[in-house]
Amino acid sequence: MAETQLDFHLEIAHVLFIDIVGYSRLLINEQGEVLQQLNQIVRNTSQFRKAEASGELIRLPTGDGMILVFLHSAEAPVQCAIEVSEVLRSYPKIRLRMGIHSGPVNQITDVNDKSNLAGAGINVAQRIMDCGDAGHILLSQRVADDLAHYRQWQSCLHDVGEFEVKHGLRIHVVNLYTDDLGNGALPEKFKQGKEQSIASPTRKGEGWQRRSRIAGALIAAIVLLLFGVWFLSQRGSQKLPGPAGGNVAHAASNEKRIAVLPFKPLTLENRDQVLELGMADSLITKLSNSRQIIIRSLASVRRYGGLDQDSLAAGRELQADSVLEGNVQKSGDHIRVTARLINVADGTSLWAGTFDEKMTDVFAVQDVISQKVADALSLRLSGEEKERLTRRYTDNVEAYQLYLTGRYHWAKFTPPDIRKGIGFFQKAIELDPKYALAYFGFAEANRSLSINADVPSKDCLPQAKAAAIKALEIDDSLAEAHASLSFSLIWYDWDWDGGAREAQRAIALNPNSAHSHFAFAHVLSDQGRHDQALAEMARARELDPVFLLYRALEGMLFHHARRDAEALDRLQKAVDLDPNFWITYLMLGKVYTQQRNYPEAIEELGKARELSHGNSEAIASIGYDAALAGDKLKARAVLDELKALSNEHYVPPVNVALVLSALGEKEEALASLEKGCAERDVRVTLLKVDPRWDSLRSDPRFIAILRRIGLE
């Protein structure tokens with residue numbers, strides 16, 4: 001038998017081992033929920049994001065926790081552990097113990113033929129962690145020695161002593177804690193060890209044997225360390241292979257940002273804008289199934305659909321590394337497609353292809369393009385990701401075209417177009433009742449209608465919820481369908497726990513889904529959990545930087561957190577990006593109102609009213625400001641206008657209550673809020689955090705409303 005040559009890669013890494021205390025005692029569904037929450041908490045730490053962005057992080061699941069391997073800084077795992085501990089104050093049910101060590105790690109192939117990591121660095125970190133109880137952040141002596149050179153760490157380091165672990169190895173443990181973070185108590189294992197030392201003095205000869213074992217372990221560690229230093233000096237700039245089997249620079253922790261632009265017609269005759277946008281939309285859906293890609297949403301890229309659009313300029317604005325552009329033309333039952341993947345940095349072509357097929361083969365064309373893009377970007381896809389890359393949600397071309405038409409209209413975000421979109425989604429579902437994406441489209445359109453138009457919640461949100469549930473019955477892996485369901489659960493059912501679970505499930509399925517982070521941000525913000533909400537909203541905006549809705553609503557969340565200077569900064573940047581988005585002006589008006597700058601507020605709200613073609617919240621907000629500014633005549637004129645509008649279409653009671661509260665008509669305002677509560681007006685979910693209701697907060701009827709909707 002030929003000798004097997006081992007491909008042995010060694011590097012000194014900085015390991016954070018995290019374990020959930022009491023995990024096995026949780027119910028199965030509770031275990032999943034806790035792991036999802038922990039994953040999201042860890043991913044949101046600045047140290048995780050920084051290391052991930054630079055390709056200096058490897059993540060390994062452990063079943064009841066995780067291992068984070070930082071490849072650059074000895075401080076990174078410690079700072080990450082501190083950030084996690086800070087956030088856990090808001091999650092008392094999640095009890096962690098953490099161990100940190102710097103040591104050698106190497107790549108191995110596990111029993112499933114998957115790349116994994118092993119080595120003393122990980123083993124010792126686990127032994128350190130095993131010494132702790134809930135709340136403990138324990139360090140090896142090596143890590144503590146490194147930190148002790150810096151003043152900011154010295155007061156946090158508390159020597160615990162040595163403890164004997166497996167195979168007679170003794171490890172020296174240091175407890176990291178402050179007055180606010182960590183666990184200052186002596187770990188139980190050390191208490192027991194001290195008791196055993198008092199009860200059983202060391203027998204003659206055992207001390208020498210123990211010292212011999214320690215000396216042997218130290219010699220082995222020194223040899224291994226020297227070998228690691230030699231290996232790294234020989235390896236030069238080569239990267240440590242990560243869990244996916246490729247270089248860290250190409251691992252899942254270093255996603256590539258790609259924008260799929262609306263396709264353009266080959267000729268202007270018989271152009272099909274639905275197909276042009278739809279081809280991009282379909283490829284966005286397919287490619288978003290890979291966690292190694294951050295892909296810009298349809299809502300962001302549709303603004304770059306102009307025939308004279310410079311693809312590289314669009315890519316730079318979208319902060320993308322590469323752009324997929326193309327041409328598409330339908331002629332009879334044939335479709336001709338050309339596609340090009342371009343490197344934004346230098347304009348070079350990474351891949352190009354041309355396809356001339358029957359329209360019935362459009363799905364095969366999309367499969368090939370998606371696979372070629374993955375190959376050109378050197379993506380290392382898991383088996384599941386490969387399967388999803390070529391998954392077809394329908395084989396019915398007519399249903400597919402109806403779905404694309406629905407998406408085309410829905411993405412305009414105007415009430416008439418949203419209603420058109422709903423009609424096309426319904427027709428697609430009729431042709432293919434198993435078309436999960438069509439149900440998702442129907443859910444999102446109805447959800448959008450509830451907040452973008454003056455429509456009673458009962459006429460759209462139960463329908464949105466039912467459609468999202470149906471989509472997930474067909475395909476539970478649709479992350480954005482979980483996010484859509486989250487909105488329906490909090491807006492109509494006031495099911496805050498359920499809404500949080502669905503949003504977190506969406507993030508777990510696709511951490512790079514901006515919509516999923518946006519949904520979770522809404523749940524958190526409405527409950528008053530502002531710091532966490534703003535972190536989620538920042539991630540959504542980071543993933544989809546030119547989507548105006550995220551920009552505007554990030555301003556709203558800052559406003560609800562009473563951080564108006566930051567709200568103004570975000571909103572002004574949104575105006576710079578597009579001066580015609582009405583929601584930005586609505587939010588600006590709210591901020592200026594809180595600053596008692598009523599003339600400026602009314603001016604901004606007037607723009608919102610005009611650009612929205614008469615949204616009743618914009619109208620009511622003008623009346624609210626007029627009353628506060630002392631112009632009660634104008635405020636009453638607004639009330640009359642809202643009453644007249646109610647004869648034409650639904651006017652949400654919360655908007656009427658807003659003007660009444662500013663006029664000092666407290667009882668009438670509360671009665672209108674109670675009516676809004678009875679009608680499940682979406683806007684009642686903002687009552688806890690919107691500063692405009694501060695004058696009513698101490699009233700028992702207002703408190704009763706908050707309690708009824710689960711916010712008190």
Side-chain angles (χ1 to χ4, degrees), residues 258-288 295-311 313-315 317-318 323-340 342 354-363 365-366 369-370 393-394 396-428 431 435 437-438 440-442 444-445 448 452 544 546-549 578 580-581:
I258 180 172
V260 182
L261 301 183
F263 279 42
K264 299 174 184 178
L266 285 165
T267 65
L268 291 179
E269 297 177 2
N270 303 317
R271 71 173 299 194
D272 187 338
Q273 289 182 283
V274 170
L275 183 60
E276 293 161 17
L277 189 68
M279 183 63 71
D281 189 18
S282 298
L283 292 168
I284 288 169
T285 299
K286 282 180 171 291
L287 291 168
S288 64
I295 190 159
R296 303 315 185 203
S297 70
L298 177 69
S300 284
V301 301
R302 71 170 295 148
R303 61 187 291 167
Y304 301 102
L307 297 179
D308 58 349
Q309 175 64 55
D310 182 334
S311 298
E317 284 190 22
L318 290 160
V323 167
L324 181 65
E325 64 166 13
N327 300 89
V328 63
Q329 196 85 40
K330 181 183 174 187
S331 179
D333 64 347
H334 274 70
I335 182 173
R336 184 175 178 83
V337 180
T338 63
R340 292 169 294 279
I342 303 171
T354 300
F355 309 87
D356 196 347
E357 305 287 346
K358 287 186 176 181
M359 185 63 191
T360 51
D361 294 326
V362 65
F363 306 122
V365 172
Q366 293 166 355
I369 293 175
S370 300
Y393 292 94
T394 184
N396 188 314
V397 174
E398 187 178 352
Y400 168 72
Q401 290 176 303
L402 288 166
Y403 167 75
L404 292 186
T405 308
R407 291 279 288 178
Y408 174 80
H409 287 290
W410 165 79
K412 292 183 177 181
F413 292 117
T414 66
D417 275 295
I418 293 172
R419 290 187 177 92
K420 286 181 184 178
I422 289 172
F424 285 108
F425 291 134
Q426 284 177 313
K427 291 176 182 177
L431 285 177
Y435 196 177
L437 286 181
F440 163 66
F442 185 81
E444 273 297 276
S448 300
N452 281 297
D544 217 346
V546 303
F547 187 23
L548 292 168
L549 184 63
D578 188 334
N580 296 309
F581 189 55

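All residue numbers refer to positions in the sequence shown, counting from 1.
Annotation: salt bridge (Lys or Arg N to Asp or Glu O under 4.0 Å) contacts involving residues 409-418, sequence neighbours excluded, are absent. For residues 326-339, the pairs satisfying salt bridge (Lys or Arg N to Asp or Glu O under 4.0 Å) are Arg336-Asp356, with sequence neighbours left out.
Separation of atoms CD (Gln329) and NZ (Lys264) is listed at 14.0 Å; rounding is to 0.5 Å. Between atom OG1 of residue Thr414 and atom NZ of residue Lys420 there is a gap of 8.0 Å, rounded to the nearest 0.5 Å. We find the CD1-CZ distance between Ile284 and Arg407 to be 8.0 Å, quoted to the nearest 0.5 Å. With values rounded to the nearest 0.5 angstrom, Leu298 atom CG is found 11.5 Å from Ser288 atom OG. Here the CG-CG distance, from Leu548 to Asp578, works out to 5.0 Å after rounding to the nearest 0.5 Å. The line from CZ of Arg296 to CG of Leu324 is 14.5 Å long, rounded to the nearest 0.5 Å.
Summarising the geometry of Ala280 relative to Pro262, their closest heavy-atom pair is CB-CA, 3.9 Å, with the distance given to 0.1 Å. Arg340 approaches Gly326 most closely through the heavy-atom pair NH2-CA, 4.0 Å. The two residues Trp410 and Ile418 come nearest to each other via the heavy atoms O-CG1, 4.3 Å.
Between Leu283 and Ser370 the shortest side-chain heavy-atom distance falls below 4.5 Å. Between Leu277 and Leu404 the shortest side-chain heavy-atom distance does not fall below 4.5 Å. A heavy-atom distance below 4.5 Å is found between the side chains of Arg302 and Tyr408. A heavy-atom distance below 4.5 Å is not found between the side chains of Val274 and Gln401. Between Val260 and Val301, the closest side-chain pair of non-hydrogen atoms is not below 4.5 Å. Proximity of Leu318 to Val323: side-chain heavy atoms (C-beta onward) are nowhere separated by under 4.5 Å.
With sequence neighbours left out, the ring pair (Phe, Tyr, Trp, His ring centres under 6.0 Å) criterion links Phe547 to Tyr550. Applying the ring pair (Phe, Tyr, Trp, His ring centres under 6.0 Å) criterion to Phe424, with sequence neighbours excluded, gives His409. The salt bridge (Lys or Arg N to Asp or Glu O under 4.0 Å) test applied to Arg419 returns no partner, not counting sequence neighbours. Every residue two or more places apart in sequence or in another chain that forms a ring pair (Phe, Tyr, Trp, His ring centres under 6.0 Å) with Phe363 is listed here: Tyr400.
The only member of Phe440, Tyr393, Tyr403 that meets ring-ring contact (aromatic ring centres under 6.0 Å, His included) when paired with Tyr435 is Tyr403.
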Determine, stepwise, if the pair Met279 / Ile335 fulfils side chain to side chain contact (heavy atoms under 4.5 Å, CB included).
CA-CA 11 Å; Met279 183 63 71; Ile335 182 173; 4.0 Å; yes
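Few gaps surround CD on Gln309; more than 12 heavy atoms of other groups in view lie less than 6.0 Å from it.
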